[in-house]
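Below, each value reflects all heavy atoms present in this structure, side chains not excepted, and no hydrogens, waters or symmetry copies. We count residues from 1, following the sequence as given.
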Amino acid sequence: MNMIHFIALKDFKQHLRSSRFFLTLLLCLLFLPFTLLTGTDYYCARQTVCEQRQATADSALNNAYVWSQVRPLVIKQTEPLSIFCQGVTPNMGIYNQILLNTYPLLPYAYSGKEQSIIVYKQAEIQGDTGGNENIFLNTFSYTDFTGMIGLVFSLLALVFSYDAFSHEKETGMLRMIFSHPVKRLTFLFGKIGGICFVLIPPVLLCYAISAGYLIYAGISLPGTVWNGILLLSILTLSFIFVCILIGILISLLASTSEQALTVSLLLWIGMVFVLPPVSSYLAETMAPIPLYRNIEAKMKSLDDERYEKLKEIRRKIAKEEKVKTEMTLFNNMGEDGFMDKWGITIPFAHAIRRIHAESEPIRLDYADQKWILQKDYLNKLERQIHLRYWFSCFSPLQIFQETAQHICRTSPENYLSYMDEVRSYRQTVWTEQRMDEVCREYDSLDEEEKINFLQNIENRPKLDTQELPRFIQQTASIREQIKECLNAFFFFSITSLILIYTTIKIAVRYDIR
């Protein structure tokens with residue numbers, strides 16, 4: 001053990017005097033602070049927009065006059081850990097309108113309704129450019145903090161380890177070292193320890209400085225954020241250790257340092273620039289998805305069918321209530337059944353109430369039919385995502401990136417889970433039971449109150465929406481964050497054991513001549 005420590009310390013001091021170490025510091029000082037500042041600014045700007053839009057949405061809900069106007073706008077709050085890993089966040093919107101006639105599929109990028117349901121690169125999603133339909137695969141995640149950490153330190157781990165054996169052999173140092181009572185395994189573990197001593201402190205320093213900066217910037221940091229930073233640092237160290245072992249193995253297999261350097265750089269380029277797009281392409285090829293415009297066309301057909309049914313209901317009830325005129329002094333109508341009319345006759349008012357009592361359950365029923373189409377499309381998106389993840393297992397860097405996204409709750413899976421929460425909230429906002437309660441509330445009024453309610457436009461009362469459930473975005477627990485890391489830690493542990501076993505086998509038989 002003393003000999004391992006001696007060799008590791010010797011290599012550590014040697015690396016400190018090398019140009020590689022200064023390259024490490026330079027890269028850390030240039031790139032990592034820049035990505036941290038960019039991530040912080042992006043988070044603050046996005047969160048400010050979320051808070052402003054949330055205040056506007058709450059005000060609109062509290063100032064509603066009719067129940068058909070109550071369509072809550074759900075706004076996704078930005079995850080604090082997106083400062084470190086943005087994941088798919090830049091590609092996703094933040095708005096979801098809770099409507100009766102459709103289920104929310106993915107967040108809108110704009111609060112208006114004129115856009116498609118996905119609202120990201122509209123032409124590509126409609127298939128007009130032949131682009132990627134799955135927006136979860138349109139990512140290049142090496143521009144954020146964890147992306148740059150993985151990019152820089154994977155390269156440095158290979159640069160520090162690619163000539164651990166080949167260089168010593170070329171200079172004749174191995175013969176001299178093994179002429180003394182030094183075991184090969186002792187030398188191997190000493191080399192690994194020396195490289196770890198060089199790379200581990202800069203990694204921990206980067207995360208410590210980033211945490212300190214967030215405190216200095218006054219950003220709210222709940223316990224899950226601190227836990228996430230700790231898990232990210234442990235994940236990074238595990239990833240770097242695997243890269244060091246890969247570099248050591250290359251050094252043992254290569255005949256010269258130049259050959260080892262070439263193989264290491266080619267491997268790094270493959271991990272960074274080749275495998276990610278190849279993984280996405282294979283996932284798209286093996287699990288194709290239909291164009292979403294085709295799904296929208298089928299949904300439009302269902303909407304047309306529903307419209308014809310609602311038109312028949314309006315005709316029938318207007319005839320039964322003997323509505324002679326539909327003139328109004330105030331008329332405001334909109335999407336999804338919104339209707340606000342004042343200055344109308346009593347028969348017309350009763351007809352409108354009966355129309356809504358019959359038409360809104362039909363909206364819910366057709367929304368369920370459209371959801372069958374949307375759900376099938378969503379399942380195919382998820383299948384592509386899962387395939388891409390399994391293909392990424394060929395690259396430790398992609399495993400690192402995927403796990404970092406899960407820790408920071410910016411992965412595709414986290415967004416899909418969030419949308420499940422939004423759809424569950426929709427089920428609690430508008431149900432047939434709630435519609436019946438609204439009808440009974442009106443029926444409980446006496447005739448004079450009904451007349452005043454219908455005619456007094458100057459002092460018309462606002463709805464009491466206090467008991468209407470509000471959407472509360474679920475936050476990750478520490479247990480959930482740890483659970484997200486288990487697969488990656490298991491992968492890195494198994495990979496490390498395989499690499500250690502392989503390097504030991506080769507090192508024991510290594511030809512020092």
Side-chain angles (χ1 to χ4, degrees), residues 31-54 74-96 104-112 115-126 129 131-151 210 214 217 219 225 228 232 272-273 276-277 279-280 283-284 292 378 381-382 384-385 388-389 392 397-398 400-419 422 473 476 484:
F31 293 111
L32 295 179
F34 173 75
T35 56
L36 180 65
L37 292 173
T38 303
T40 304
D41 291 342
Y42 178 80
Y43 165 76
C44 292
R46 192 176 176 98
Q47 188 62 14
T48 299
V49 171
C50 290
E51 292 173 356
Q52 292 173 349
R53 296 292 188 272
Q54 186 64 60
V74 175
I75 299 172
K76 188 180 189 309
Q77 302 300 309
T78 309
E79 297 290 342
L81 283 172
S82 64
I83 294 173
F84 294 90
C85 182
Q86 294 183 6
V88 298
T89 300
N91 292 350
M92 304 302 295
I94 61 174
Y95 305 104
N96 278 294
L105 182 67
L106 292 173
Y108 288 95
Y110 308 99
S111 57
Q115 303 292 329
S116 171
I117 201 163
I118 295 184
V119 192
Y120 173 70
K121 293 186 178 179
Q122 180 74 3
E124 293 188 4
I125 284 178
Q126 291 184 343
T129 64
N132 189 345
E133 172 114 358
N134 192 339
I135 61 175
F136 292 119
L137 303 184
N138 291 326
T139 58
F140 186 76
S141 57
Y142 298 129
T143 56
D144 52 27
F145 184 83
T146 57
M148 195 58 65
I149 282 274
L151 203 68
S210 63
L214 295 183
I219 297 176
V225 174
L232 285 174
V272 175
F273 300 107
S279 299
S280 297
E284 295 168 9
Y292 192 72
L378 198 60
L381 288 184
E382 292 184 70
Q384 278 193 354
I385 295 169
R388 197 270 304 268
Y389 175 79
S392 70
L397 181 58
Q398 278 197 274
F400 170 76
Q401 288 293 335
E402 294 277 354
T403 308
Q405 290 180 15
H406 280 87
I407 294 174
C408 298
R409 291 174 63 83
T410 56
S411 68
E413 290 81 2
N414 292 122
Y415 264 88
L416 294 175
S417 176
Y418 165 78
M419 290 309 303
V422 175
Q473 185 173 325
E484 296 286 2

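Residue pairs meeting the salt bridge (Lys or Arg N to Asp or Glu O under 4.0 Å) criterion with at least one member in residues 36-50: none, sequence neighbours excluded.
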Inset, instruction - List the steps and the verdict of side chain to side chain contact (heavy atoms under 4.5 Å, CB included) for Y95 and I75. - result: CA-CA 5 Å; Y95 305 104; I75 299 172; 4.0 Å; yes

Legend entry - Pair T78-C50, side chain to side chain contact (heavy atoms under 4.5 Å, CB included): steps then yes or no: CA-CA 8 Å; T78 309; C50 290; 3.9 Å; yes

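Heavy atoms only, all atoms of each residue included: V225 and P80 are closest at CG2-CB, 3.7 Å. Contact record, S279 with Q398: OG-OE1, 3.4 Å, taken as the closest heavy-atom pair. Heavy atoms only, all atoms of each residue included: C85 and A404 are closest at SG-C, 4.0 Å. Summarising the geometry of V49 relative to I94, their closest heavy-atom pair is CG1-CD1, 4.3 Å, with the distance given to 0.1 Å. Nearest heavy atom pair, residue G93 against residue P107, reads O-CB, 3.2 Å.
Between atom CD1 of residue I219 and atom OG1 of residue T40 there is a gap of 4.5 Å, rounded to the nearest 0.5 Å. Interatomic distance, D144 CG to L36 CG, rounded to the nearest 0.5 Å: 11.0 Å. Going from atom CD of Q384 over to atom OG of S280 covers 9.0 Å, rounded to the nearest 0.5 Å. How far OG1 of T89 is from OH of Y415: 3.5 Å, rounded to the nearest 0.5 Å. Rounding to the nearest 0.5 Å gives a distance of 12.0 Å between OG1 of T410 and CD1 of I83. Taken to the nearest 0.5 Å, the CD1 atom of I149 stands 10.5 Å off from the CD atom of Q401.
Taking L416 as the reference, L106, F136, L378, E382, I385 meet the side-chain contact (heavy atoms from CB on, under 4.5 Å) condition, with sequence neighbours excluded. Qualifying ring-ring contact (aromatic ring centres under 6.0 Å, His included) partners for F84, counting only residues two or more places apart in sequence or in other chains: F145. For Y43, the side chain to side chain donor-acceptor pair (under 3.5 Å) criterion is met by no residue, not counting sequence neighbours. Q473 meets the side-chain contact (heavy atoms from CB on, under 4.5 Å) test with K76, Q77, E79, Y418, F471; sequence neighbours excluded. Scored by the salt bridge (charged side-chain N to carboxylate O under 4.0 Å, His left out) test, E402 finds R388 as partners (sequence neighbours excluded).
No donor-acceptor pair closer than 3.5 Å links the side chain of S417 to the backbone N or O of N414. Between the N96 side chain and the P104 main chain, no donor and acceptor come within less than 3.5 Å of each other.
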